[in-house]
Amino acid sequence: MNTWIASPQRPLGLATGRTMEPVYGELVRRWQALPEGRREQLRQSWLSFNLDEYVGLAPADPRSFAAAMARQLGQPLGLHPDRLLLPDGLAADPAEEAEAYALRLQRAGGLGLQLLGLGLNGHVGFNEPPCGPGARCRCVQLSASTREQNAGAFGGDPAAVPERAISLGLHEILAAERLLLVVTGPGKAAILERLLREAPSDALPASWLRQHRDLTLIVDADALPVPATD
Ligand code: GLP
């Protein structure tokens, strides 16, 4: 952890979702073990950009990704909200907000290390299939499967999940220096198997990550594709 966040030349790219919860839990645990002077140094140099945010949710709304990040990282680490950035879900013009967010990221030097989870339909961020590697930060329409996948935070009701989100595109993600894709749980085994076996294509947006020169994949035993038996 220390080498990744100690002297970031470029901002960190962060993801939300259940996969990241234990990752952030461990980060907080290690952070708390550091001397206060070191923690303060890290606070001062912290700058992160999250992948996405739902359109229509305020940062104070507990279901927003901004609120999730504040709960999981911002508050426990004592980060200044201006250093833990997400697209503004309440922006009057989401398309304009997406452009402004991408510009802010570009001005900050682009992404250093980008953490990524994997959607059940192969999305990363909210880059829903079909999606090519040139897709830029934009306002996207969420698929029925994604709204179902994320319904947990909305009382289990997929219809309550916003229909749109602002998401960094594969373009910004693939321009990161390093990618760390974390895939956990039995529910991800089938999509992971496709990701590992299929040639990159727009039908599986995460497959474009395989063309990145510095991709690390972390998989737990439950998500590992079951080997074929004869
Ligand atoms: C979500 C998010 C992604 C996340 C992915 C996996 O919809 N937009 O950033 O990584 O889907 O979510 P989970 O980790 O909950 O399975």
Side-chain angles (χ1 to χ4, degrees), residues 12-27 48-57 61-73 84-89 94 98 101 105 111 113-129 131 135 137-174 176 179-195 204-209 215-220 222-224:
L12 259 176
L14 299 179
T16 43
R18 278 149 297 189
T19 310
M20 289 301 145
E21 288 175 16
V23 175
Y24 295 149
E26 179 61 17
L27 196 147
S48 58
F49 284 73
N50 261 76
L51 284 169
D52 41 27
E53 181 58 284
Y54 292 113
V55 167
L57 296 192
D61 187 315
R63 303 166 304 176
S64 71
F65 287 157
M69 290 310 298
R71 277 194 305 270
Q72 291 169 41
L73 277 190
L84 182 60
L85 303 174
L86 295 95
D88 178 4
Y101 190 67
L105 172 60
L111 295 162
L113 173 69
Q114 174 67 57
L115 303 188
L116 296 162
L118 180 63
L120 284 175
N121 63 0
H123 74 222
V124 281
F126 272 135
N127 291 281
E128 301 275 47
C131 182
C137 185
R138 66 207 181 286
C139 179
V140 294
Q141 200 73 32
L142 299 179
S143 67
S145 102
T146 294
R147 292 175 74 208
E148 203 166 302
Q149 182 187 342
N150 290 2
F154 295 83
D157 177 11
V161 179
E163 290 176 14
R164 294 182 303 156
I166 295 169
S167 178
L168 289 182
L170 283 174
H171 172 79
E172 289 86 9
I173 294 169
L174 291 169
L179 301 179
L180 179 61
L181 176 62
V182 185
V183 187
T184 56
K188 298 284 174 71
I191 192 68
L192 178 62
E193 174 154 27
R194 283 187 57 202
L195 175 62
L204 211 170
S207 63
W208 293 112
L209 305 179
L215 166 68
T216 302
L217 176 62
I218 295 182
V219 180
D220 73 354
D222 288 341
L224 274 182

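Ligands are counted one by one from 1 in listed order, and the atoms in each one are counted from 1 as well. These values consider heavy atoms only, across backbone and side chains, with no hydrogens, waters or symmetry-generated copies.
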Can you tell me which residue among N50, D52, D88 is in a side chain to side chain contact (heavy atoms under 4.5 Å, CB included) with Y101?
N50

Can you find a heavy atom in the side chain of I173 that is under 4.5 Å from one in the side chain of L209?
yes

When distances are taken from atom 11 (O) of ligand 1, the protein heavy atom at minimum range is H123 NE2, 2.9 Å

For D52, which part has a heavy atom under 4.0 Å from ligand 1: side chain, backbone, both, or neither?
side chain

Return the closest protein heavy atom for atom 14 (O) of ligand 1 as residue, atom name and distance.
T19 OG1, 2.5 Å

Hey, does N150 have a side-chain heavy atom less than 4.5 Å from the side chain of Y54?
yes

Could you tell me the residue and atom name of the protein heavy atom closest to atom 16 (O) of ligand 1, and the distance to it rounded to 0.1 Å?
K188 NZ, 2.7 Å

Residue part near ligand 1, for L118, under 4.0 Å between non-hydrogen atoms
backbone

With nothing but distance in play, are any N or O atoms of T146 less than 3.5 Å from an N or O of ligand 1?
no

Any heavy-atom pair between the side chains of L14 and L84 that's under 4.5 Å?
yes

Any T19 side-chain heavy atom under 4.5 Å of K188 side chain:
yes

Any donor and acceptor pair, going by atom type alone, linking the side chain of R164 with main-chain N or O of V55 inside 3.5 Å?
no

Contact atoms of ligand 1, heavy-atom distance to N150 under 4.0 Å:
1 (C), 7 (O)

heavy-atom search around atom 4 (C) of ligand 1 in the protein gives T16 O, 3.5 Å

Are any non-hydrogen side-chain atoms of I191 and H123 less than 4.5 angstrom apart?
no

I need the atoms of ligand 1 closer than 4.0 Å to a non-hydrogen atom of F126, numbered in the order shown.
7 (O), 8 (N)

Please work out, at 4.0 Å between heavy atoms, whether the side chain, the backbone, both, or neither of Q149 comes within that distance of ligand 1.
side chain

Just distances here: any N/O of M20 and N/O of ligand 1 closer than 3.5 Å?
no

Is the side chain of Q149 donor-acceptor paired with the backbone N or O of G119 at a distance under 3.5 Å, no angle test?
no

What's the shortest distance from atom 15 (O) of ligand 1 to any protein heavy atom, and which residue and atom give it?
R18 N, 2.8 Å

Quick one: nearest non-hydrogen protein atom to atom 10 (O) of ligand 1, plus distance?
G117 CA, 3.2 Å

Tell me if a side-chain donor or acceptor on R71 pairs with a main-chain N or O of P62 at a distance below 3.5 Å.
yes

Just to confirm my output: which protein heavy-atom neighbour is closest to atom 3 (C) of ligand 1, and how far is it?
G125 O, 3.6 Å

